[in-house]
Amino acid sequence: MELNLYMTTKTGNEIRLIYNKLYKHYGPQGWWPLLGMDSSTETDVRMVYHPLNYDLPKTRNETYEIILGTILTQNTAWNSAEMALRNLKALNAIDPENLLGLDTEIFKQAIRSAGFLNQKSVYIKEVTKFYIALDGKIPKREKLLEVKGVGNETADSILLYAFKQPEFVVDTYTKRIFSHIGLIDYNYSYNKIKNLFETHLSHDMIIYNEYHALLVEHAKKYYSRKPYGVADPLF
DNA sequence: AGCCAGGCTACCG
DNA sequence: CGGTAGCATGGC
């Protein structure tokens, strides 16, 4: 029979149960957030989450904005990355060609709030050239990983949120929550954890999108300060 | 005042 | 291979 046995394992049930619990508790997350598209109110450009709308990003520059965000938020609070994005928008640089045309010092100062500006300025230029060269095509994970500054999590975030591909994203929060629950060891490799989730869930972009966003939302509340998870009311 | 943030590269054994 | 120092700034 073709009804897969893995669907009945304890681990598989846990992974799906936890998703349902988080979704019921927090609801759809509307990731990846985008800057408001209303340029008439430049002083109040906020990030827009878009729950239950999985058609975004729609334009070349919206896709690019998400790619920029994945680099800017590496080991950095989202608020700091968001500030950098607003600065870039004010420079009309959430556009691959315009960004590459910026003066280097102006560019670095624009992304300063996101930290690691020397590294990230290089990473962003590298991934920008890669994006332009794609010419509208969807990148292979393997090729994304060849770009300097794009590691496992960033590659999966780009594929999932910018290109709507079913790639599960593993981050620090995922490891904290699931090691706290006891389903993984904290030091499992990235791909081992990624495979665990992808094995036990439908290969569904929407599920992967919400699951990762929900884990971040939950972890920000209960897994940001040691000892992690002790006050977690759900798990 | 520290600790933490939606990681990655380079280099080490 | 797996393990880790260094990277920069802002919030709390």
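So you know, we letter chains A, B, ... as the sequences are listed, proteins then strands, and number each from 1. Values reported hereafter were calculated over all heavy atoms of this structure, with side chains retained and with hydrogens, waters and symmetry mates removed.
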Is there ring stacking between A:W31 and B:dG6, where the centres must be under 5.5 angstrom apart and the planes under 30 degrees? yes
For residues 19-36 of chain A, pull every pair meeting salt bridge (charged side-chain N to carboxylate O under 4.0 Å, His left out), keeping only residues two or more places apart or in separate chains. none
Among residues at least two apart in sequence or on other chains, which ones pass salt bridge (Lys or Arg N to Asp or Glu O under 4.0 Å) with A:E97? A:R60
Upstream residue (5' side of DNA chain B) when A:K226 and A:N75 are each assigned their closest nucleotide: A:K226
For residues 155-176 of chain A, the ring pair (Phe, Tyr, Trp, His ring centres under 6.0 Å) pairs (sequence neighbours left out) are A:W31-A:Y161, A:W32-A:Y161, A:F168-A:F197, A:F168-A:Y208, A:F168-A:Y211
Residues at least two apart in sequence or cross-chain that pass salt bridge (Lys or Arg N to Asp or Glu O under 4.0 Å) with A:K129, listed by chain then number, are A:E126
Can you list every pair that meets ring pair (Phe, Tyr, Trp, His ring centres under 6.0 Å) and has a residue in residues 114-138 of chain A, with sequence neighbours left out? A:Y64-A:Y131
For DNA chain B, which residues of residues 140-161 of chain A approach it to below 4.0 angstrom with any heavy atom? A:V147, A:K148, A:G149, A:V150, A:G151, A:N152, A:E153, A:T154
Residues passing the salt bridge (Lys or Arg N to Asp or Glu O under 4.0 Å) test with A:E14, sequence neighbours excluded, are none
Using the ring pair (Phe, Tyr, Trp, His ring centres under 6.0 Å) criterion, which residues pair with A:Y26? Sequence neighbours excluded. A:H218
Answer with base, sugar-phosphate or nothing: what part of the nucleic acid does A:T172 contact at a heavy-atom distance below 4.0 Å? sugar-phosphate
Which pairs, with at least one residue in residues 79-104 of chain A and sequence neighbours excluded, count as a ring pair (Phe, Tyr, Trp, His ring centres under 6.0 Å)? none
Mind checking which stems touch DNA chain B? I mean at least 3 consecutive Watson-Crick or G-U pairs, both distances under 3.5 Å. B:2-5 with C:9-12, B:7-13 with C:1-7
Taking only side-chain N and O atoms of A:T73, does any of them lie within less than 4.0 angstrom of OP1 or OP2 on B:dG7? no
Centroid distance below 5.5 Å plus an interplanar angle below 30 degrees: do A:W78 and B:dG6 meet both conditions? yes
Give me each pair satisfying salt bridge (charged side-chain N to carboxylate O under 4.0 Å, His left out) with a member in residues 164-192 of chain A, each pair once, sequence neighbours excluded. A:E167-A:K194
Just N and O in the side chain of A:R225: are any of them under 4.0 Å from OP1 or OP2 of C:dG11? no
Which residues in residues 105-123 of chain A have at least one heavy atom lying under 4.0 Å from any atom of DNA chain C? A:R112, A:S113, A:G115, A:F116, A:L117, A:N118, A:Q119
